[in-house]
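Just so we're on the same page: letters track the sequence lines, and every chain starts at 1.
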There are 2 protein chains.
Amino acid sequence: MSSGNVKHDLFAQFARIGKALSNANRLEIIEFLAQGERSVDALAQIAGLSIANTSQHLQQLRQAGLVTLRKDGQRVYYRLSGDDVVQMLNSLRAVADRHLTEVAHLVTTYLDTKDHLEPVLAQDLLARARAGEVTVLDVRPPEEFAAGHLQGAINIPLNELEARLNELSPEHEVVAYCRGPYCVLSYDAVARLRERGLRARRLQDGYPEWKIAGLPVES
Amino acid sequence: MSSGNVKHDLFAQFARIGKALSNANRLEIIEFLAQGERSVDALAQIAGLSIANTSQHLQQLRQAGLVTLRKDGQRVYYRLSGDDVVQMLNSLRAVADRHLTEVAHLVTTYLDTKDHLEPVLAQDLLARARAGEVTVLDVRPPEEFAAGHLQGAINIPLNELEARLNELSPEHEVVAYCRGPYCVLSYDAVARLRERGLRARRLQDGYPEWKIAGLPVES
DNA sequence: TTTGTATTCAATTGATCTATTGAATAAGCT
DNA sequence: AGCTTATTCAATAGATCAATTGAATACAAA
């Protein structure tokens with residue numbers, strides 16, 4: 001094999017990763033798995049896809065080396081192959097955010113109307129949480145919270161937020177977070193909290209990024 | 001538009017980037033453009049593609065926001081939209097390297113046989129070049145060298161290396177680099193230099209990574 | 001104005017991808 | 001053993017992609 005061909009073969013392998021990332025449903029599945037290991041049916045439910053379709057997408061991700069599996073009885077559990085997969089997804093998202101006007105438009109039109117304030121940086125949140133100045137609110141579903149969350153965070157899934165507002169102290173600002181930098185749940189939570197007169201802001205990224213940064217987590 | 005839909009729309013936009021990265025020829029074009037701006041016909045030549053095919057791929061990259069263009073007379077010049085595109089490509093390559101056995105196999109079988117030594121880190125090369133201990137050798141084609149190169153590097157394109165060996169001092173170790181971390185040219189150069197009794201190693205990454213790291217460049 | 005050159009556009013063909021459907025496989029329970 | 005459940009496999013139809021071809025467009029030179 002000549003040098004020219006090995007280069008093209010290498011790039012063909014790199015393109016396999018690009019292919020795995022070329023479908024919206026698969027990107028969402030990656031983000032869900034970044035919260036922790038899940039079974040196929042759990043993923044299918046949260047992604048709103050059929051089990052067969054979810055399984056097909058997982059096979060694609062697996063062939064691209066992005067996920068691994070373990071079996072437990074009837075169930076098969078998938079997880080990401082490493083933190084580098086999350087970092088790659090975030091790199092891709094940052095590029096899209098910077099260079100695709102449609103992304104900026106969606107963010108401006110639908111996300112920024114819910115929270116136009118600057119998000120809180122992870123290091124700032126860490127300091128303020130340690131000083132007891134803020135309430136750290138995880139708005140993901142409880143299974144995701146159980147798989148891992150920011151140290152000291154409390155879990156109120158978004159759909160329970162209205163009913164459980166009394167659990168939040170009006171004395172403390174609330175910093176809400178969820179699955180990643182574009183997670184709509186935390187935007188919605190912030191908007192609702194503010195409607196009820198609470199001071200609320202969003203963490204800049206989500207649980208996966210906090211964990212990868214080596215900041216304190218619990219499970 | 002409900003929250004569920006804005007999330008899916010956002011992920012559809014992210015998937016557009018994945019699509020742009022799902023073809024080997026387009027990935028190669030990105031790496032070529034990371035060396036500096038090029039015209040369509042120059043890209044077509046170096047990529048070994050027809051002009052029409054190259055143009056089509058460039059339109060795909062442009063629609064994905066990854067490249068921009070300027071016109072100069074009859075010619076159209078393309079460049080990457082930002083350094084973040086290179087960083088994203090490198091993130092993708094690192095994931096492939098870590099998780100796709102085929103990549104490891106290609107590297108082991110065809111690249112490591114040419115250079116099984118550890119590559120030189122950028123910071124180490126910078127220090128040693130400043131101390132005058134090494135010769136920094138750029139083995140890319142001259143147009144790429146002219147667009148930008150490591151400060152103090154000399155340019156001997158790979159296909160001229162045999163004829164210009166006398167330009168390299170046997171007293172100094174040679175550190176060769178080219179377009180990126182998987183650039184076959186520098187592997188070939190190192191192998192040839194060693195065959196002729198010179199001490200030679202490879203830089204870990206390429207010119208684009210050196211530049212992005214803020215290290216000294218010239219053009 | 002005519003000719004030449006660089007690039008894009010549009011159409012075509014064959015390849016590949018995605019969601020769906022239902023069968024097949026594997027595991028658990030009675 | 002029979003029934004249930006979770007997942008994968010295989011086939012299908014429609015959508016999308018990639019390379020090629022030749023026409024169209026834009027620019028330059030004589």
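For C:dT8, neither phosphate oxygen OP1 nor OP2 lies less than 4.0 angstrom from any side-chain nitrogen or oxygen of B:Q56. Considering only side-chain N and O atoms, A:S55 lies nowhere under 4.0 angstrom from the phosphate OP1 or OP2 of D:dT7. For D:dA6, the OP1/OP2 oxygens have no side-chain nitrogen or oxygen of A:Y78 closer than 4.0 Å.
In this view, A:N90 and A:R93, A:E209 satisfy the side chain to side chain donor-acceptor pair (under 3.5 Å) rule, not counting sequence neighbours.
Rounded to an integer number of Å, the gap from B:R70 CZ to D:dA26 C1' is 17 Å. In this entry the distance linking NZ of B:K71 with P of D:dC27 reads 6 Å, nearest Å. If you measure from atom CG of B:L49 to atom C1' of C:dT7, you get 15 Å, rounded to the nearest angstrom. The distance from atom CD1 of A:I29 to atom P of D:dT7 is 13 Å, rounded to the nearest whole Å. Counting to the nearest Å, the C1' atom of D:dA19 and the NE2 atom of A:H8 are 12 Å from each other. For the pair B:Q59 CD and C:dC9 P, the computed distance is 5 Å after rounding to whole Å. Atoms CG (A:L61) and C1' (D:dT8) sit 15 Å apart, rounded to a whole Å. With rounding to whole Å, A:L69 atom CG is found 11 Å from D:dT7 atom P.
The side chain of A:D41 lies closest to D:dA6, out of C:dT7, D:dA6, C:dT21. Counting only heavy atoms from C-beta on, B:A52 has its side chain closest to D:dT21 among D:dT7, C:dA6, D:dT21.
Taking the six-membered ring where the residue is Trp, the centroids of A:Y187 and A:Y182 are separated by 6.0 Å or more.
Toward the 5′ end of DNA chain C lies the nearest nucleotide of B:Y77, the other residue of the pair A:S50 and B:Y77 mapping further downstream.
Here the side chain of B:E31 pairs no donor or acceptor atom with the backbone of B:L27 at under 3.5 angstrom.
A:L193 CG to A:S186 OG: the interatomic distance, rounded to the nearest 0.5 Å, is 11.0 Å. Of the inter-residue distances, the one linking B:H99 atom NE2 with A:I17 atom CD1 reads 8.0 Å to the nearest 0.5 angstrom.
Using a 4.0 Å heavy-atom criterion, one finds that A:T54 contacts no nucleic acid atom at all.
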Any chance you could lay out the side chain to side chain contact (heavy atoms under 4.5 Å, CB included) test for A:L21 and A:L92, step after step, and finish with the verdict?
CA-CA 9 Å; A:L21 304 179; A:L92 182 152; 3.8 Å; yes

Tabulate protein N/O versus nucleotide N/O from nucleotides 12-18 of chain D, keeping only pairs under 3.5 Å, one per line.
{"unit_1": "D:dA18", "atom_1": "OP1", "unit_2": "B:R26", "atom_2": "NH2", "d": "3.0"}
{"unit_1": "D:dA18", "atom_1": "OP2", "unit_2": "B:R26", "atom_2": "NH1", "d": "3.3"}

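In this structure, B:F14 and B:F11 have perpendicular ring planes: the angle between them is above 60°, well past the 30° mark.
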